[in-house]
Amino acid sequence: MIKEIVKTTLLNCSLENGDILKYKKQVQDIHLALPQFELTGWLETPNQIQDDLLNSIERVATEIRACADILVVIGVGGSFLGARAIQEALKPYFGLAEHGIEVVYVGLNMSGAYIKELLAYLDKKQVYVNVISKSGGTMEPALAFRVMRLYMEERYGEKATERIIVTTDAENGILKKIADQAGYRQFVIPSNVGGRYSVLTPVGLLPVAVAGVNIHELIAGAKQAAQELSASDLANNDAYKYAVMRHMLYEQGYSIELLASFEPGLNKFHEWWKQLFGESEGKEKKGLYPSTVNFSTDLHSIGQFIQDGSPIMFETLLHFHEIEGDLQVPFDSRNEDGLNYLSNRTFNEINTISKQGTALAHSEGGVPIIQLELPKLDEYHLGYLIYFFMKACAMSACLLEVNPFDQPGVEAYKSKMLELLKENK
Ligand code: PA5
């Protein structure tokens with residue numbers, strides 16, 4: 001029985017259910033072919049991940065929380081976006097989650113100012129480092145690790161070894177070699193899982209466990225998704241429905257998909273989604289450009305364009321029915337601002353109504369809207385949604401006839417940069 005944890009609907013579209021179901025056979029064929037691609041280990045990660053691994057991640061996370069004030073995570077792209085997305089979505093807006101410590105990220109850019117400030121910020125704090133790189137050779141994290149390793153050795157001497165945890169391939173790469181030689185503790189990135197599909201492996205799980213996230217619940221949600229979204233029948237698979245809807249809109253000439261949420265904690269989740277779809281689909285001069293907005297903030301910046309500007313985009317509204325934490329609008333006898341009519345409402349209720357109003361207005365402005373609804377924003381449903389998007393993305397890229405699991409364009413930038421660095425020695 002499909003429980004519809006993610007409910008996919010069209011709010012305003014020229015698309016009909018009948019049109020969507022025309023893709024039934026194509027979707028079924030791709031569904032059957034998908035496991036034969038390289039780098040599809042993530043399809044089974046939630047089913048295969050052992051309690052032993054989750055427990056050992058939690059043990060290390062408990063140790064880090066006990067011995068450190070801050071965890072510095074080093075990684076870029078798929079090696080950090082997922083962890084930061086989950087952490088930001090579930091942690092309190094101000095301060096730390098219960099049982100969590102501060103988790104910060106480096107190696108995601110090459111700003112000298114950023115890394116210099118980080119080193120100063122670490123002063124007087126007890127530090128652990130988790131360096132994450134599947135290839136082990138990506139320039140941004142490799143440079144950051146060089147700095148952090150020397151810093152840790154200077155501060156902790158031989159004890160630095162205990163405070164550096166490496167997450168990398170089981171066999172290959174420079175980082176693996178360094179970790180073996182130095183005797184750092186290691187977690188493995190499965191060789192059949194690519195970076196942007198790796199958030200439900202130790203890549204994402206260790207940092208978020210340190211931040212106080214319940215990783216058993218996260219995986220339980222993903223496991224339910226893996227079971228429910230294993231249906232090959234488009235009519236019974238909301239991830240595939242979403243993939244087909246966005247594909248059909250692309251075919252109709254829309255070139256931008258705007259993922260829109262109404263909770264600021266989802267900003268970093270948007271970044272993870274953007275990489276997933278952008279790097280999986282943007283190939284061979286094809287693909288929707290994935291962009292994101294956070295409402296109601298962005299209604300006051302980009303809302304005008306969405307409503308009234310070039311008709312190049314459709315919107316995917318992500319809505320969680322239940323958000324922990326809410327506040328009733330207070331009654332004020334002066335009522336100088338005229339807002340007492342809202343004093344029997346909560347902020348979250350008003351936010352939901354603003355979502356409905358936004359959808360109606362944008363529909364009237366001719367913007368097609370796909371709505372993805374989930375019951376609650378918590379570990380379980382986030383785990384479900386992550387798997388949902390990965391499955392939808394793989395299907396969507398295959399509908400475009402591009403390989404969802406490579407990133408030749410990124411390699412091009414890397415080799416040009418290396419050429420220039422070597423030329424200017
Ligand atoms: O999705 C991907 O494969 C990339 O975004 C990688 O995750 C990113 O380039 C980092 O690579 P690595 O983990 O090898 O350092």
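All values reported here derive from a predicted model rather than from experimental measurement. Counting starts at 1 for both ligands and their atoms, in listed order.
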Using distance alone, with no hydrogens and no angle criterion, decide if [X] and [Y] have a side-chain donor and acceptor under 3.5 Å apart.
| X | Y | answer |
| --- | --- | --- |
| Y250 | E281 | no |
| K176 | Q186 | yes |
| Q227 | Y387 | no |
| N348 | E322 | no |

- May I ask you to decide if the ring planes of Y254 and F314 are parallel, tilted or perpendicular, using 30° and 60° as cut-offs?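 Y254 vs F314 ring planes: perpendicular.
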- Would you please write out the protein residues whose heavy atoms approach any atom of ligand 1 to under 4.0 angstrom, listed by chain and number?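 Correct list: V76, G77, G78, S79, S133, K134, S135, T138, G195, R196, Q275, E279, Q407.
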- Please walk me through it: do Y240 and Y23 pass ring-ring contact (aromatic ring centres under 6.0 Å, His included)? CA-CA 10 Å; Y240 289 168; Y23 280 81; over 10 Å; no
